[in-house]
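For reference, the structure is listed below as structure tokens.
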Amino acid sequence: MWKASTLPSDAATEAEQPFACDGTWHPPGGSRAVPARLVADRGRVEIVPADVAAEVALATGLETEVEVSARVGSIPRRVVLPDGSVFVSHDNDALDRWLQRRHGAGYGFVAALERFHPRLLVVVAMIVALCFATYRYALPVMVEVAVAVTPPVAPQMMGRSVLATLDHSLLAPSALGEGVQDSLKRQFRDLADLSPRKAEGFTLHLRRGGRIGANAFALPDGAIILTDELVELAQSEDEILGVLAHEIGHVEHEHSLRRLYLAAGLSGLIMLAGGDIGAAVEDLLMQGSLLVTLSYSRDHEHEADRYSAALMARAGRDPLALGRLFARLEEELGAGGGGLLSTHPATGERIDRLRREAESQLRD
Amino acid sequence: MPAGGRIEQFTFAGSAREYFGIWIVNVLLTIVTLGIYSAWAKVRRMRYFYGSTRLAGSSFDYHARPVKILIGRIIVVTAIVIYNVLANLAPLAGLAVSLVLLPVVPWLLQRGLRFNARVTSFRNVRFDFAGGYWGAARAFVLGPVIAVLSLGILAPVTSRWLWRYVVGNLRYGGRGVACEPSVRALYRQWWLPALLVVCGLVLVAGGVVALKASSLLQAMGYDDLRRVLSVIIPIGIVAYLVLFYGTAGLVYHAGVRNVALGATVLDGQHRFRSTLSRGRYAFIAITNLLATVFSLGLARPWAAVRMARYNAAATALVVAGSLDDYLSGIVVSGSAVGAEFMDVEGFDFAL
């Protein structure tokens, strides 16, 4: 903080010019407006009426007791005096010179940065770079960290509550014969034993799909649900096991948790960077972030397909059986997947990739 | 109340150039500080808009302290995180919590309005907000529910609740503000947007019929034509919905503002006047949105300033006698001045 020197020689060399600027003065708590002048000299501030020659101060105070509002664009500044009265001035530049004398050249850094200047292009470039880097590098790292610190009890609770909700609403108990069920469960255990979590990390739930038809999905706690309709659609055991291996892949890669954290992270980022963007645009951004999570979801499907091919090859089964099931599913249900708006990639692409993956597995 | 009087026009003195700098630096510093600066950013933004809004040569001022806004935001964000974790781990518990929290919503909104009023001043005198809990519950919870359940037919009634609560409870230097728009005048602003909505619905119904017809085309063998139509028609439906509902909402908002502000009186003697052209208002809002989207957000400062300028230019205070004489008579004393007042202003729970 600036302080008047007590040495007479110093006082002579850096003699502080008395500072003055014009404005309006309001009494404490009052709306009356008096044209006035602020005069600062040797650490004392005085507000004097503009049109009166006689120096009857309206208010006085020490420089250190006076509060000046920060500069924002060219809006008027507020100088609050110790008695609660307020001096308002449009002379931003003069006030800045006075305040810089008191607080040093660093004063008003933000306001200086905000001034319309080609330098703002650099600011724009920095924002674009930061947004890109956050999305491309920081967000995936944040998702990894969040997955790593999630206590195992969380996926267990999620899996249990989702399964309970599904059993109440969509799914019915399986109508498959006991022999078929037992054999499916045994083969599933053998397959799952080849994955890092072993058979104990997974539970196979057989259900009648009803409205959701031929389907299979994995819950974060390792519960895998397989519908009767899919079993009926499959023409070989390998086709069913290929699907189960795909779901094991989702669990091993913790895809549900990842998608959850990604969606949360994206909406957090939009809220953070949003600021004053307008309600309509913020809504648009939130919808846009859905497209991004869908693209992640399609990546996850590819990852699970690769996992399935590798696991099936390791089990000595046919890694391509899954592709045949996809083709049949597409015939039954019509073309699905692929576009920007779908959770799953296009079937043809998935079959091609499976074939390539299977070939590389056989080579190894 | 005298019919005539001096007309004091509101003006907005801000410029797109100036606000662009403030806005872009706000975004940068908010990202760099991982969101903490957003509270300071809000204060700078509000001070710019309030400080650029002038009436009779004086500006408004915004006094909120960033730390108060930051605390409010931390509380809100923590609540959102806890709620989301709960909703994912145990959906039933999440539902229960949201039912328990619903009664808190009017309280939060009431406190938010009071905070905003108390940190706003004009010529060194603060505003205040005297609205209570039940008024907020009626204006913000019951009102929207009734408006939706009545398919918008009772919207003017609920708009009246909203404006009476939000504006009619304002105080300036201890002087009251009355806002008593008549339901009849509000309904006069209602039929045009209602007609727009009905037109939109008719067009959507037409689209659905055309879609059905296109499956007939397929049965008759015109498969390519059907495929083209089944893509074009849904896009057309969505575009119409956005256009009609969006425009209807804007037209309605502008009309209600004109009526409600026109029925607002300060201290029983000074009447407000709002003269928005509904078409121009909707045009500005829609072109603002398009400019913001197609400039990837960079035109937002220009859009915000353009809207503020139009709103101010369409607003005036019809003063009985001299505004300067009236304002000079206002002196606030006691608890409504200084530090104590600032400390009871509370927190801003808005995000």
Side-chain angles (χ1 to χ4, degrees), chain A residues 24-34 69-70 72-78 84-86 88 90 110-111 113-117 119-120 123-124 126-128 130-131 134 153-158 160-162 164-165 260 264 267-269 271-278 280-281 284-285, chain B residues 13-15 17-32 34-35 38 41-42 44-45 47-48 50-52 58-59 61 77 81 84-85 88-92 122-125 173 246 288-289 292-293 297-298 300 303-304 324 327-333 336-338 351:
Chain A
T24 314
W25 177 80
H26 303 291
S31 208
R32 189 158 60 91
V34 182
S69 64
V72 181
S74 55
I75 67 164
R77 298 277 270 283
R78 202 174 60 235
S85 67
V86 173
V88 177
H90 280 90
V110 175
L113 188 62
E114 286 169 352
R115 212 159 295 170
F116 200 74
H117 188 275
R119 167 180 63 224
L120 287 180
V123 174
V124 174
M126 281 170 77
I127 290 170
V128 172
L130 273 171
C131 286
T134 309
V153 65
Q156 277 163 24
M157 285 177 75
M158 278 165 68
R160 223 174 300 151
S161 66
V162 171
T165 315
L260 197 66
S267 28
L269 283 181
M271 276 201 282
L272 187 151
D276 170 32
I277 194 80
V281 179
L284 283 178
L285 275 176
Chain B
S15 72
R17 273 168 74 103
E18 218 170 45
Y19 182 49
F20 180 80
I22 295 164
W23 180 81
I24 200 85
V25 171
N26 275 348
V27 173
L28 177 71
L29 294 182
T30 300
I31 296 176
V32 169
L34 302 177
S38 71
K42 179 178 182 182
R44 290 187 80 77
R45 181 176 85 231
R47 283 197 62 213
Y48 186 71
Y50 281 34
S52 301
S58 294
S59 306
D61 212 337
V77 168
V81 169
N84 273 306
V85 168
N88 275 301
L89 290 185
L92 279 178
F122 178 69
R123 290 210 359 184
N124 196 30
V125 167
N288 272 354
L289 175 65
T292 306
V293 169
L298 287 179
R300 170 64 192 170
D324 201 56
L327 292 173
S328 297
I330 295 181
V331 178
V332 186
S333 57
V337 189
L351 258 179

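Reminder, nothing fancy here: chain letters follow the sequence lines and each chain counts from 1.
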[X] side, atom [atom1]; [Y] side, atom [atom2] - distance, nearest 0.5 Å:
X      : Y      : atom1 : atom2 : result
B:I31  : A:I127 : CD1   : CD1   : 5.5 Å
B:S59  : A:H90  : OG    : NE2   : 4.5 Å
A:R32  : B:D324 : CZ    : CG    : 10.0 Å
A:L113 : B:I22  : CG    : CD1   : 11.5 Å
A:H26  : B:L327 : NE2   : CG    : 9.5 Å

Portion of [X] that has a non-hydrogen atom of chain A nearer than 4.5 angstrom:
X      : answer
B:A304 : side chain
B:D61  : side chain
B:R300 : side chain
B:T292 : side chain

Under a 4.5 Å heavy-atom cut-off, does chain B meet the side chain of [X], its backbone, both or neither?
X      : result
A:A164 : neither
A:A264 : neither
A:S69  : both
A:R119 : neither

Are the side chain of B:R44 and the backbone N or O of A:V110 linked by a donor-acceptor pair below 3.5 Å?
no
With distance as the sole test, does B:N124 use its side chain to make a donor-acceptor pair with the main-chain N or O of A:P27 at under 3.5 Å?
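Answer holds: yes.
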Do you know the tightest heavy-atom contact between A:G73 and B:Y48?
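Distance-wise, the nearest heavy atoms are CA-CE1, 4.1 Å.
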A:S74 to B:E18 - nearest heavy-atom pair and separation:
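Residues A:S74 and B:E18, closest heavy atoms: OG-OE2, 2.8 Å.
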Determine whether [X] and [Y] make a side-chain contact, defined as any pair of heavy atoms from C-beta on separated by less than 4.5 Å.
X      : Y     : value
A:L130 : B:L28 : yes
A:M126 : B:V32 : no
B:Y50  : A:V72 : no

Among A:S161, A:G30, A:S31, which residue has the highest count of heavy-atom pairs closer than 4.5 Å to chain B?
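Winner by heavy-atom pair count: A:S31.
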Chain B contacts, top residue of A:M157, A:R78, A:R115, A:M158 (heavy-atom pairs, under 4.5 Å)
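The candidate making the most pairs under 4.5 Å is A:R78.
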